[in-house]
Amino acid sequence: MKKILVANRGEIALRVMRTARKMGIAIVAVYSEADRNALHVRFADEAICLGPAPSNQSYLRGDKIIAAALACGVDAIHPGYGFLSENAAFARDVEAAGIIFIGPSPYSIEIMGSKLAAKDAVKHYDIPMVPGVDHAISDLADAKAIAKEVGFPILIKASAGGGGKGMRIVENEGELQEQMERAISEATSAFGDGSVFIEKYVTSPRHIEIQVLADSHGNVVHLFERECSIQRRHQKVIEEAPSAILTPAIRQAMGEAAVKVAKACNYLGAGTVEFLVDADLNFYFLEMNTRLQVEHPVTEWVTGVDLVEQQIRVARGEEIPFKQEDLQITGHALELRVYAEDPFNNFLPSVGNLSTYVRPVGDNIRLDDGYEQGMDIPIYYDPMIAKLITYGDTRQAAIRRMIQAIEDYHIEGVATTLPFGKFVCRHEAFTSGHFDTHFVKNYYTPENINSNETQEAEIAARLALQLYAERHRVLTVATNYSMEWEANR
Ligand code: MV4
């Protein structure tokens, strides 16, 4: 593999390119008209313009990307995350053009893209799943019977959904008909597939995922977990590795289950198996993401494995160079997603010009970003500016490093979620590790973001006042014994 095309933009395009360069592989960038001056274009050896800014005229144009790949004579295409990364038809077209798709087979992508097909694929592998059904439900009487069996509340999910799209909570039988009808009609219009199924609703779960890696020689390993419970409307905010709640035994059981899921769909490359974990630490398989995930750096830091390098190696047909027993977790890593969104104004996108952009630097900080001072954040794409990743020997040290890094990160021109990240890192529920997927909904209000700081400012002011009063008293007493009282004022 001498040359690869990176079919993405922003931080992930750069992150993939850095590893490719390290491995001595030439790099082709693709870009939209909005990204002419983007860093990923400047970093690459060659760059090809795909078309106008909107994704459906640029980064989603598989045909143009394959044409660019053929024109440049690349050996492989890395899709990053988002865009075409989980598009089975694209992966198939890439292979049909004689180019390696750096990712799993179209077959694996397709199976895991359908939640029902995924359940079906893993059903003989003894994987714990949430009580419910593994087939599409369209009949109200069936739905009622299942709901009675598993008990309310239940969750209706779209088979073609994922990442929380097309889910409906049903609290009681009275709501069932209406919610079923809505779920089916939503799934039909959003995904062109009205299949829905029913699961028991796990009310306060944690969202924990396992990183897996598979090669073409039959080896599948897992690289432990990432805790992703801190999210807002299915948008992850902070991820960490390891999770504060897993025991070595549960970690091992989840890892083994994830490896079985990967084997069940004949997986190749890096993938992520999502689980729900309930308050009693029971875990349930939810779905598999067949791509490199946004939050992969926390796994890289605690395991020392470059996941993009391994993706490229297994795509070249190499064997994974380590065994499960060679892997271990060292220290703790946290990732904060920094979005151009205003946490004081309902997280409204805040696009514009990065008039000030000063990065935090120092030990135990990794910043994966795609912008520089003076650049515009385009309105056309995901508003994520950067991923701020910190490391420590302990969870507490990683959190402390994160707070310091947030304070050293200066962004002006657009509102960002940095203050929100600091709020989370200082919150007792987060620092204690006692949180679930409802953390943001339960604790966050715009006023609360500042309340920590307001409280601290108040404490500082009180302390100063007290110190002043004490010193004043000492000095006042001293004046009884000294003639130099004037000097002490
Ligand atoms: C669930 C669940 C509770 N019970 N399934 C969300 C993302 C998608 N991968 C599946 N998700 C969930 N599935 C059952 N049976 C909770 C989630 C979930 C969630 C649900 C509502 C609001 C926020 C959430 C965050 C993470 C996971």
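Since the structure is predicted, the reported quantities are computational estimates derived from the model, not experimental observations. When a ligand or atom number is given, it counts from 1 through the structure's own listing order. Counting from 1, the numbers follow the sequence of the chain as shown.
- Salt bridge annotation for K387-E295: absent, with no cationic side-chain nitrogen under 4.0 angstrom from a carboxylate oxygen.
- In terms of N/O distances under 3.5 Å, ligand 1 is approached by E287.
- Among H434, H438, H427, the single residue meeting the ring-ring contact (aromatic ring centres under 6.0 Å, His included) criterion with Y443 is H427.
- Residue H438 places no N or O, backbone or side chain, under 3.5 Å from any N or O of ligand 1.
- Remark: N172 CG is packed, more than 12 non-hydrogen atoms of other residues, nucleotides or ligands lying under 6.0 Å away.
- Between Q231 and ligand 1, no N or O atom pair is found at a separation short of 3.5 Å.
- The shortest N or O to N or O distance between T437 and ligand 1 is not below 3.5 Å.
- Between F224 and the options L246, L327, V302, I210, a side-chain contact (heavy atoms from CB on, under 4.5 Å) holds for only L327.
- At a 3.5 angstrom cut-off on N or O pairs, K157 counts as close to ligand 1.
- By the neighbour-count criterion of 12 heavy atoms within 6.0 Å, atom CG of D326 is densely surrounded, having more than that number from other residues, nucleotides or ligands.
- The option from H234, M129, K236 that lies nearest to atom 24 (C) of ligand 1, judged by heavy atoms, is H234.
- If you number the atoms of ligand 1 from 1 as listed, the ones under 4.0 Å from a heavy atom of L276 come out as 1 (C), 2 (C), 3 (C), 4 (N), 5 (N), 14 (C), 16 (C).
- Counting heavy atoms under 4.0 Å from ligand 1, residue I169 does not touch it at all.
- Atoms of ligand 1 found under 4.0 Å from any heavy atom of L155 (numbered from 1 in listed order, with element): 1 (C), 2 (C), 3 (C), 4 (N), 5 (N), 13 (N), 14 (C), 15 (N).
- Shown in contact with H207 at under 4.0 Å from a heavy atom are these atoms of ligand 1, numbered in order with element: 26 (C), 27 (C).
- By the 4.5 Å heavy-atom criterion applied to side chains, Y81 and V294 are counted as neighbours.
- Looking at atom 11 (N) of ligand 1, its nearest protein heavy atom turns out to be M167 SD, 3.7 Å.
- A salt bridge between R337 and E239 is present, with a side-chain N of the basic residue lying under 4.0 Å from a carboxylate O of the acidic one.
- Ligand-side atoms of ligand 1 in range of E199: 5 (N), 14 (C), 15 (N), range being under 4.0 angstrom from any heavy atom.
- Side chains of S32 and Y381: a donor on one and an acceptor on the other come within 3.5 Å.
- By the criterion of a heavy-atom distance under 4.0 Å, both the backbone and the side chain of V202 are placed next to ligand 1.
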